[in-house]
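Right, one structure below, let's go through it.
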Amino acid sequence: MLSIALPKGRLGEKVYDLFERAGYACPAIREKNRRLIFESRAAGVRYFWVKPSDVAIYVERGAADLGVAGKDILLEYRPDVYELLDLGIGRCRMAVAGKKECDPDMVHNLRVATKFPNIASDYYARLGRDIDVIRLNGSIELAPILGLSDVIVDIVETGATLRENNLEVKSEILPISARLIANKTAYRFRTAQMEQIAQRMKEQVEKQ
Ligand code: PRP
């Protein structure tokens, strides 16, 4: 049986839909309850729900054979896993944002609030700029409003959070989407099975 870590929440439901359409259904997962683990002997899979930012840890350490994680998490934490497929869902972008009146190019030693310190540092290192990274865990948009930072590096999906807080995108860093990832050892021993899953998922992704 293959273990698959799914990200809890709205994205996770879309991810499960893809697995189901690809032939790996586990109907019990749709029941409304607080269970975390679901098995389908018929499909040969065991799913479990984990916090989205933890999926890569489960997969890297082999507690899950496969999982689905956002490219943001993969770039930030650089887990030692294989990335098998871009699922084309959970699309958003990583961007620099700030108050309308702020011109980041004019600020010396820019203060950058973010949940993604590595992505932010790499981006500004490529630009050859020194920055002061302020690591936060959520509600990042508050930082420039309260003067804690000059800008933020964060995920923008619909743009509503920025708009409603009078902030704007200053520059785009990169597009993000959900990726199917595999534990390296599990992949080595079960290549055919994992490649079949990836192939079937790919067919579903292409139909979307
Ligand atoms: C994310 C992100 C932005 C928001 C962007 O936050 O950090 O705040 O979504 O989405 P939008 O462009 O559609 O408004 P999340 O909901 O994960 O909450 P957080 O504040 O705990 O990071």
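From a predicted model like this one, the values you see are computed outputs, not experimental measurements. Read the numbers this way: they start at 1 and go in the same order the structure lists the ligands and their atoms.
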**Asked** Going by the angle between their ring planes, with limits at 30° and 60°, are Phe48 and Tyr58 parallel, tilted or perpendicular?
**Response**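 Rings of Phe48 and Tyr58: tilted, as their planes differ by 30° to 60°.
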**Item:** Which residues share a salt bridge (Lys or Arg N to Asp or Glu O under 4.0 Å) with Arg78, sequence neighbours left out
**Value:**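 Testing Arg78 for salt bridge (Lys or Arg N to Asp or Glu O under 4.0 Å), a comparison that skips the adjacent residues, returns Asp122.
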**Request:** Taking the six-membered ring for Trp and the single ring otherwise, decide whether the centroids of Tyr47 and Phe38 are under 6.0 Å apart.
**Result:**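 Aromatic pair excluded; centres sit 6.0 Å or further apart.
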**Under 4.0 Å from ligand 1 - residues by heavy atom, chain and number** =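 Residues near ligand 1: Lys115, Gly138, Ser139, Glu141, Asp154, Ile155, Val156, Glu157, Thr158, Gly159, Ala160, Thr161.
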**SB check Glu83 Lys71 (cutoff 4.0 Å)** =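 A salt bridge is present here (some side-chain N lies under 4.0 Å from a carboxylate O).
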Show which side-chain atoms of residues 130-147 pair as donor or acceptor with protein atoms under 3.5 Å away, not counting sequence neighbours.
| from | atom 1 | to | atom 2 | distance (Å) |
| --- | --- | --- | --- | --- |
| Arg135 | NH1 | Asn137 | OD1 | 3.0 |

Tell me which donor-acceptor pairs under 3.5 Å the side chains of residues 157-169 have, and how far apart each pair is, sequence neighbours excluded?
| from | atom 1 | to | atom 2 | distance (Å) |
| --- | --- | --- | --- | --- |
| Thr158 | OG1 | Ala160 | N | 3.1 |
| Asn165 | ND2 | Thr161 | O | 2.7 |
| Glu168 | OE2 | Lys170 | NZ | 2.8 |

